[in-house]
Amino acid sequence: MIRARLVLVATLAGGCVDKLYHGPAAVDTAPEDRDGDGIVAAEDCDDADPAVYPGAEEVCDGADQDCDGWEDEGLPVFRWYSDEDGDGHAGTPAGEACDPPVAGAAEASTDCDDGDAGVNPSAAEVCNGVDDDCDGQTDVADDSWDPSSGGAWYPDGDGDGYGYGEPVVGCEKAPGLAASGDDCDDEDAAVYPGAPESCNYVDDNCDGVMDPEGTCAWTWADAVAHAVWYPETESQFAGYSVDVPGDFNLDGASDLVIGGLVSAGPPYAGAWITDGYGVGEQPMNAGTTIASFDVGVPGADFDSVLGCDLNDDGMLDVALGSVTGGMVYVVYSPSGSYVLQTDADAWLAATPYGGGGIGDGLACGDVDLDGRTELLAGAPYASPGGAVFIVDGEISGALVAEEQGLSLRSEHLGADAGSDVVVGDLTGDGVADVAIGADHLSTYYIAVGGAYIVEGPIASDMSLSDAESLLVGPWYADYAGFDIDLLADQDGDGISDLVIASYQHPYAYVVNGPAPPGTSQLEDADAVLANDPDFNNDAVTGGDFSADGLTDVVVGYKDLSKDLASGVRVLRGPLAGTVMMASTGEDLRTPTDVGLGRSVTTADVDGDGLDDLWAGATAYSGHGEYTGAGYLFLGSSL
């Protein structure tokens, strides 16, 4: 053990001696590179930053990474803009550099006025003469313009300072525009809000009231009906059609014919011939009438009633037209009660298939100069544009009109020729002529209505395109020709004249005979009868109520705010030009609305030389709901 230790000590001692007595240690002479970027300090311009050394990639930080003495060289340079007005859009140049020179700088200039925070791409374009949203467009020229910043002006067609129609929105009022859009007639400079009112059936001041009280000198007739004839069954609507042909039973007193509308029935539709003209309230029953008629089938009515000596035996006969029933019924020398489907002497259909609206208008006369009376039946729905069929007055059994006699047929598609028909000498040559209403006659595809005049004698079928005169309504949906009638002589020249009613507008037209040849406009008629715009002139006729030899015109009118006609106006002849019915003639009205004026006709029923007025009142309910009635006014009271 001792020997081993001695050996170990000797060994350790020998090593120490060698170390202590060896030569000096070697010195590290390698170049210094403190940042370890591989470039010695003598060649590295920043030996404390390993990203900086010759050949390093230059980055945009304001430092010289590649030690060439230039900062950020070779990098893309941008123009920078600052937001001086604080509206979130830069527009002021802030310098050129690869990085924003100031906080918030932007590469693009989007603010066209960086000194106005209200001008920037996000701003609304308003009326101020400035390009608010920086799109190069100003005010209304900019699609994004805010209309609420401008004003609204209205087209002023008549130059009265008040406009109408769709407003024109802009920054300034242009010529031809007005600040108000309340003009109720922008074609009449005398009509505007605040204008003075005059009696003209016009709402001059646009307050919704036409001719207010005190504007017009209204004349209300003191006439009281001489008689009121009514059926004893409800819902007959008697007065839908009327006629005063004369004395049926030859007792010396004129009798009256009245027809009603469809009812639930039976009776399904009633018509009556009164026994004389009566006095006061007269129920129509077996004791007071010469004859009564029931169509006999549901859904029928009496659109027209006609008394005439059809078979030339000296006795009056009756023809009754039922458009919905598709038939004209003829009864000779009527007396008693009739169910027409089985008891009539003749049944006249338009075609073998019925229809055609036959019976919408009825008339009689010798139109072919053969010495016999003919029956004329309007059929407005007969193709193509309606027709009037002329058949011998003495007929029997079931007949087809288009196979039985002559036809006057319209080629104007849908014209509804035959909506009414009258016979009389309209040319002064002593020969009967025919006037035919066509209330859906169209011009340029616009339904205006009108009337044809065919000069007699008529000896063959005829297209109404060859009629001597065509009178055309002036207004869209005027339905002129819905009702027409003969005026014996309203202008005093000895020739009969014509009056034409317009169903859908407040006008009636007087055309003095002879009617002008060719086509003429009813707005140029000898007299235009203008009713209140809220009324329709439904029914027209004429009679001499003052024995002055001049025919007076009677107009039955309907108030559009009600379902049925509401009055009758008597206009004294002669009439010429535009006649404002508000200030002309007498107005016949009843204390309650009875539909007075749905139908009108005249004749001298009491033999005093004055014509009397027979008018239908379909809404009369004095003795049962909607019985209807006929009102007789003697001419001496008109």
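Only heavy atoms go into these numbers, but all of them, side chains included; no hydrogens, no water, no symmetry mates.
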Would you call [X] and [Y] a side-chain contact if the rule is heavy atoms closer than 4.5 Å?
X: Leu310; Y: Val330; answer: yes
X: Glu455; Y: Ser469; answer: no
X: Leu486; Y: Asp497; answer: no
X: Leu441; Y: Val472; answer: yes
X: Trp614; Y: Ile258; answer: yes
X: Val555; Y: Met581; answer: yes

Between [X] and [Y], does any side-chain donor sit less than 3.5 Å from a side-chain acceptor?
X: Thr541; Y: Asp485; result: yes
X: Tyr338; Y: Asp345; result: no
X: Tyr329; Y: Ser322; result: no
X: Arg598; Y: Tyr240; result: yes

Q) Hey, what do you get for OG (Ser235) to CG (Leu261), rounding to the nearest 0.5 Å? A)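 Spacing of OG (Ser235) from CG (Leu261) equals 10.5 Å.
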Q) Hey, what's the ring geometry for Tyr631 with Tyr620, parallel, tilted or perpendicular (30° and 60° as the breaks)? A)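 Taking Tyr620 first and then Tyr631, their aromatic rings stand perpendicular (interplane angle over 60°).
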Does any N or O in the side chain of [X] come within less than 3.5 Å of the main-chain N or O of [Y], such that one atom is a donor and the other an acceptor?
X: Trp229; Y: Val257; result: no
X: Asn536; Y: Tyr503; result: yes
X: Thr274; Y: Thr289; result: no

Q.
I need the minimum non-hydrogen distance between Met315 and Ser333, along with the two atoms involved.
A.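 In terms of heavy atoms, the two residues are closest at CB-OG, 3.4 Å.
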**Q.** Distance-minimising heavy-atom pair for Ser465 and His412
**A.**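 Residues Ser465 and His412, closest heavy atoms: OG-CE1, 4.2 Å.
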**Q.** side-chain hydrogen bond (donor to acceptor under 3.5 Å, both in side chains) between Thr324 and Asp301, intermediate numbers included
**A.** CA-CA 7 Å; Thr324 52; Asp301 50 28; 3.3 Å; yes
(Q) Counting the benzene-type ring for Trp, do His226 and Phe633 have ring centres under 6.0 Å apart? (A)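 Aromatic pair excluded; centres sit 6.0 Å or further apart.
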Q: Take Ile390 and Val367, measure what side-chain contact (heavy atoms from CB on, under 4.5 Å) needs, and give me the verdict at the end.
A: CA-CA 9 Å; Ile390 304 173; Val367 298; 4.0 Å; yes
Q) Out of Asp312, Asp392, Asp366, which one pairs with Arg372 under the side-chain hydrogen bond (donor to acceptor under 3.5 Å, both in side chains) rule? A)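 Answer to the side-chain hydrogen bond (donor to acceptor under 3.5 Å, both in side chains) test with Arg372 among Asp312, Asp392, Asp366: Asp392.
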Q: Check step by step if side-chain contact (heavy atoms from CB on, under 4.5 Å) holds for Asp552 and Leu571.
A: CA-CA 6 Å; Asp552 307 311; Leu571 307 170; over 6 Å; no
